[in-house]
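Below, chains carry the letters A, B, ... as their sequence lines are ordered, and counting in each starts from 1. Values below: every heavy atom of this structure, side chains too, minus hydrogens, waters and symmetry copies.
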Amino acid sequence: MEYKEYKGYRIFEKENGIIIENVKDFNLVHTFECGQCFRWTRESNGSFTGVVRDKAVNVLLEGENLIIENATFNDFIDLWYDYFDLGRDYSEIKRVLSRKDEIMRKAIDFGYGIRILRQDFWETLISFIISANNRIPMIKKTVEQMSRKFGKEIEFNGKTYYTFPSVEKLAEECIESLQVCGGGFRCKYISETAKMVRNGEIDLSLLYVLDRNGARKTLEKLPGVGPKVADCTLLYSGIKYDVFPTDVWVKRVMEELYFHRTASLTEIQKFASDYFSELAGFAQQYLFYYARENRIGTN
DNA sequence: CCACAGGACGGCT
DNA sequence: AGCCGTCCTGTG
């Protein structure tokens with residue numbers, strides 16, 4: 001059968017989709033339900049449907065074959081290769097982290113198929129501003145409603161989907177108009193952040209130049225962006241991998257399993273930086289998924 | 001009806 | 001610098 005190649009992957013083009021062979025270290029549930037993204041929904045056959053940039057797609061994993069419906073070989077090069085972080089050797093990351101301790105071994109054993117998605121910066125930023133003091137089902141709902149109201153309509157498999165709204169669109173909307181999406185007190189942050197980004201009041205190119213702490217401080221200039229939101233945005237849009245986003249679950253798992261006592265956020269940050277160093281972001285992801293799914297530290 | 005779950009922010013020390 | 005009350009919404 002005819003196939004094309006890109007960076008070591010064989011890609012088969014089929015009717016309205018592509019198949020990528022030999023995708024290792026990947027599990028759709030682990031990846032889509034580990035708290036890093038909000039726009040993928042699980043279908044009854046185990047596949048996931050979601051909107052990325054201006055495309056709605058369905059993704060299915062059959063063994064090591066990744067099947068993307070509504071994608072072409074060019075889309076793979078432009079988007080999907082980076083989005084699914086397919087250039088990274090997660091086996092090696094897991095090997096290194098597993099050598100650290102028994103806790104990491106357990107967490108990795110539990111979430112072995114997590115890949116950190118390289119998501120759109122703007123969507124990630126706004127999604128995690130919405131995530132502040134909020135729960136995942138509510139975050140999903142708000143992001144969905146904002147897309148429906150302010151995004152562009154797109155079609156896939158006879159259904160209508162909506163792209164995530166642009167900077168300009170969110171900047172021109174009044175707070176009252178944003179409020180109907182269920183963002184609550186976060187809507188004024190969304191509005192002000194959108195205006196600051198639109199007006200170029202923040203130099204986003206700095207994020208790629210500065211180190212972790214510098215990038216974090218830069219993002220924290222935006223309203224609604226504190227340490228946790230900044231770290232999540234940097235990690236899930238693939239800008240920095242040595243951050244360690246510390247929410248209540250990560251705090252709980254660190255206190256319960258590493259510190260065996262209460263620990264401050266700064267203390268946890270320092271530990272993660274020293275102990276996991278450049279792999280902190282990956283360690284955090286395995287720990288978060290392990291802690292939340294198993295409700296570690298809640299009793 | 002109330003208690004609770006979630007981070008950022010601003011005022012206080 | 002660290003502590004704490006407040007912000008909004010849905011669920012048990």
* What residues form a side chain to side chain contact (heavy atoms under 4.5 Å, CB included) with Asp101(A), not counting sequence neighbours? -> Ile103(A), Met104(A), Tyr258(A), Tyr275(A)

* 5' priority, DNA chain B, between Arg295(A) and Val225(A) [closest heavy atom] -> Arg295(A)

* **Check: Phe244(A) ring centroid to Phe271(A) ring centroid under 6.0 Å** => no

* Are the ring centres of Tyr236(A) and Tyr241(A) closer than 6.0 Å? -> no

For [X] and [Y], does a side-chain donor sit closer than 3.5 Å to a side-chain acceptor?
X         : Y         : result
Thr160(A) : Glu155(A) : yes
Asn45(A)  : Glu43(A)  : no
Gln145(A) : Tyr162(A) : no

* Asked: Should the ring pair Tyr6(A) and Phe73(A) be called parallel, tilted or perpendicular, given that the plane angle runs from 0 to 90° and is split at 30 and 60?
  -> perpendicular

* Lys/Arg cation over aromatic Phe84(A): Arg115(A), 6.0 Å, 45° cone -> no

Identify whether any heavy atom of [X] sits under 4.0 Å from a base atom; if not, whether one sits that close to sugar-phosphate; answer base, sugar-phosphate or nothing.
X         : value
Arg292(A) : nothing
Ile139(A) : nothing
Pro137(A) : nothing

* To do: Identify the 5'-most and 3'-most nucleotides of DNA chain B with at least one atom closer than 4.0 Å to a non-hydrogen atom of chain A.
  => dA5(B) to dC9(B)

Report, one pair per line, the protein and nucleotides 3-9 of chain C atoms (nitrogen or oxygen only) whose separation is under 3.5 Å.
none

